Amino acid sequence: MVPRTCPRGSTWCINNYTYPVIINVMRKKSKAKLKPQVLNFPDGFLWGATTASYQVEGGIENNDWTQAAREGKVPPAGIACDSYNLYEKDFYFAKSLGHNTHRLSIEWARIEPEEGRFDDKEIEHYRKVLMSLTAHGLEPFVTLWHFTLPDWFAQRGGFLAPHAKTYFVRYCGYVVERLGELANYWITINEPMFYASNGYSKGQWPPFEKNIFDFINIANVLTMSHNLVYEKIKSLRPSLQVGIAKNNICFESNKKTLNRLASKFMNYFWNLRFLNKISRHQDFIGLNYYFYKKFGSKPRLPKSDMGWDIYPKGIYNVLLQLKKYHKPIYITENGLADAKDDKREKFIKDHLRWIYQAIQEGIDVRGYLYWSLLDNFEWAHGYGPKFGLIEVNPKTMGRKVRPSARKYAKICRENLIKF
Ligand code: GCO
């Protein structure tokens, strides 16, 4: 008989008899069917999807992205999904797909088209939108600012301008004073670090800068702006729940010292620094999870249509890091571009399995909102990527539910996943 090598000197292969016996048992086992596993989510768990104004509403002509589109620097959003008019239809679909929550954003450029001139017609529009959410049994999550700036504000230098924070707080206060009673959950800023990085360091989004100092400045201004808006909202309506939608990346490294340091630094700088600075000014954390970055060689992973690695365990890793803030957590975005819809169901289930694991370990996750309800305008990539649970026909604006959306609907309705 060929002598077997015995890993780490364990005793199971001490003789040539035991080894084949064990291998046979393992082979039989691997043919056996996995027992179906049922993972129950906590009572009252929120299930839904997210959108953002400029990406779905259509007809917005007075913000920095429309200006950049006119200059040919980014694709135009045009009529988008026409959700400005078709929102009832969208909410009806969401409801029929078992959702009990929905996240959307308010377009600053609609509410304050010129400095200091507020448009109450638009407030009334969003009043109808939020009332419709509630009428459809969808708990509203409202983002006050999701990347796009009114022209006038951008022209003054955006968040780097001298009175930027004051303008932003005034806008947010104006909205919350009028619409605050229509939603419990308010998100001040969406993904501040991505905004700072794409707009000020990589130069891919308005204002197309590549300046590391401005990148750091803008990140700092956004933390201060968040804290001021938090205080403003609390002074107006103390019972509202106010948070941020923070995109955290799962950073890992191999054992090389330099890689370990790089991963540690990025984890602090990208994931935790912002949250540390606002830790006394948030009632919940909204977590957006999409990305995995390994310093050192990484395993081959499946990819979305955007070429992004699919790494569901990463959501667990980033959730564990949020424990120290002792706040309820809502997954305010998680999703993938998948035009063929052949990866989405597994993507959602695998991420939910890891979220479930985090909950078992004491992380207070209270909701999951998939990005996105609809195929929509994916920023510098235009309408190419298909993130939607629902397909949108760009000519007819017709909506068509994707098969994966029905699988997700079952999870939402039953408040559990089965494997
Ligand atoms: C962001 C936003 C969304 C995106 C989504 C997919 O992360 O950029 O919150 O607006 O469309 O994340 O990239």
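One is the number of the first residue; the rest follow in order along the sequence. Just so we're clear, the structure is a prediction, and the values are computed from it rather than from any experiment. One-based numbering, in listed order, for ligands and for the atoms of each.
In this model, no donor atom of one side chain and acceptor atom of the other lie less than 3.5 Å apart for Asn184 and Arg237. Glu378 and Tyr383 share no side-chain donor-acceptor pair at under 3.5 Å. Residues Asn317 and Tyr292 have side chains that never bring a donor and an acceptor to within less than 3.5 angstrom of each other. Between the side chains of Glu107 and Thr148, a donor-acceptor pair is found at a separation under 3.5 Å. Counted by atom type alone, Tyr167 and Arg156 present one or more donor-acceptor pairs between their side chains at under 3.5 Å.
Short contacts between ligand 1 and His146, defined as distances under 4.0 Å to a heavy atom of the residue, involve ligand atoms 2 (C), 3 (C), 9 (O), 10 (O). Of all atoms in ligand 1, numbered sequentially from 1 with element shown, those under 4.0 Å from a heavy atom of Glu333 are 2 (C), 3 (C), 5 (C), 7 (O), 9 (O), 12 (O). Using a 4.0 Å cut-off to heavy atoms of Asn190, the atoms of ligand 1 that qualify are 2 (C), 9 (O).
The shortest contact between atom 10 (O) of ligand 1 and any protein heavy atom is with Gln55 OE1, 2.6 Å. At the top of the distance list for atom 7 (O) of ligand 1, counting protein heavy atoms only, stands Glu191 OE1, 2.5 Å. Regarding atom 8 (O) of ligand 1, its nearest protein heavy-atom neighbour is Phe147 CE1, 3.3 Å. The nearest heavy-atom contact from the protein to atom 5 (C) of ligand 1 is Tyr290 OH, 3.3 Å.
For the pair Phe387 and ligand 1, a heavy-atom separation below 4.0 Å is found. Residue contact check for ligand 1: Phe377 places no non-hydrogen atom closer than 4.0 Å to it. No heavy atom of Met306 sits closer than 4.0 Å to any atom of ligand 1.
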>> Working note: Phe91 + His99, criterion ring-ring contact (aromatic ring centres under 6.0 Å, His included); need CA distance, chi angles, decisive distance, verdict.
In response: CA-CA 9 Å; Phe91 302 161; His99 300 191; over 10 Å; no
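A cation-pi arrangement, defined by a distance under 6.0 Å to the six-membered ring centre and an angle within 45 degrees of its axis, is absent between Arg366 and Phe45.
At a 3.5 angstrom cut-off on N or O pairs, Trp379 counts as close to ligand 1.
Residue Thr143 forms a side chain to side chain contact (heavy atoms under 4.5 Å, CB included) with just one option from Leu104, Thr51, Ile187, Ile106, and that option is Ile187.
At a threshold of 4.0 Å, the pair Arg399-Asp90 counts as salt-bridged, since one of the basic side-chain nitrogens sits closer than that to a carboxylate oxygen.
Contacts of Glu378 with ligand 1, taken as heavy-atom pairs under 4.0 Å, involve the side chain alone. No part of Tyr54 comes within 4.0 Å of ligand 1, judged by heavy-atom distances.
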